[in-house]
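Accompanying notes for the structure given below.
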Amino acid sequence: MTAFLIFLAAGIGTFAIRLSGVMLLRDRELPPRIAKGLSLVGPAAMAAIVANALLLDEGAWRGFGAWHLAALVAIGVAVWRRTSGVAMAAGAVAFAALLLAGL
């Protein structure tokens with residue numbers, strides 16, 4: 001029960017922090033530089049997560065294998081189709097196929 005209450009409090013706190021930012025800035029327009037920077041936060045966070053998963057395995061460098069080949073497939077599909085959802089799905093399918101193939 002304690003863990004549940006901790007997660008609940010963290011969720012409520014996170015929501016309150018986000019809501020306060022929206023409420024404080026609702027009638028203001030952000031400067032173009034800040035708006036541009038904020039638009040790049042999501043892609044930067046995703047790139048950090050992907051790079052960490054792709055290059056590291058429990059703190060050690062990951063050897064070349066299915067992860068990297070599936071990432072190349074996802075990158076190729078992303079460049080070709082210009083949609084992140086299709087690229088992620090293609091990468092996941094490629095990774096599953098490579099694991100089933102024994103790589």
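What's counted below: heavy atoms across the whole structure, side chains too, no hydrogens, waters or symmetry copies. Numbering of residues begins at 1 and proceeds along the displayed sequence. None of these values were measured; they are calculated from a predicted model.
For the atom pair CG of Leu38 and CZ of Arg33, the computed distance is 13.0 Å after rounding to the nearest 0.5 Å. The distance from atom CG of Asn52 to atom CG of Asp57, rounded to the nearest 0.5 Å, is 10.0 Å.
Taking both residues in full, the closest heavy atoms of Val77 and Ala90 are given as CG2-CB, 3.7 Å, listed atom of the first, atom of the second, then distance. Heavy atoms only, all atoms of each residue included: Ala74 and Gly91 are closest at CB-CA, 3.9 Å.
Within a 6.0 Å sphere centred on CZ of Phe64, heavy atoms belonging to other residues, nucleotides or ligands number more than 12.
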* Kindly determine whether Leu69 and Val73 satisfy side-chain contact (heavy atoms from CB on, under 4.5 Å), including the steps that lead there. => CA-CA 6 Å; Leu69 295 174; Val73 169; 5.8 Å; no
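Sorted by first and then second residue, the ring pair (Phe, Tyr, Trp, His ring centres under 6.0 Å) pairs with a member in residues 77-96 read Trp67-Phe95; sequence neighbours excluded.
Connection of Leu40 to Ile34 is not established within any shared hydrophobic cluster, with ILVMFWY side chains joined at heavy-atom distances below 4.5 Å, either directly or through further cluster members. Under the 4.5 Å side-chain heavy-atom criterion for grouping Ile, Leu, Val, Met, Phe, Trp and Tyr, Leu99 is connected to Leu54 within one hydrophobic cluster.
A side-chain donor-acceptor contact under 3.5 Å links Arg62 to the backbone of Ala53.
Side-chain contact between Met88 and Ser84: present, with at least one pair of heavy atoms (C-beta onward) separated by less than 4.5 Å.
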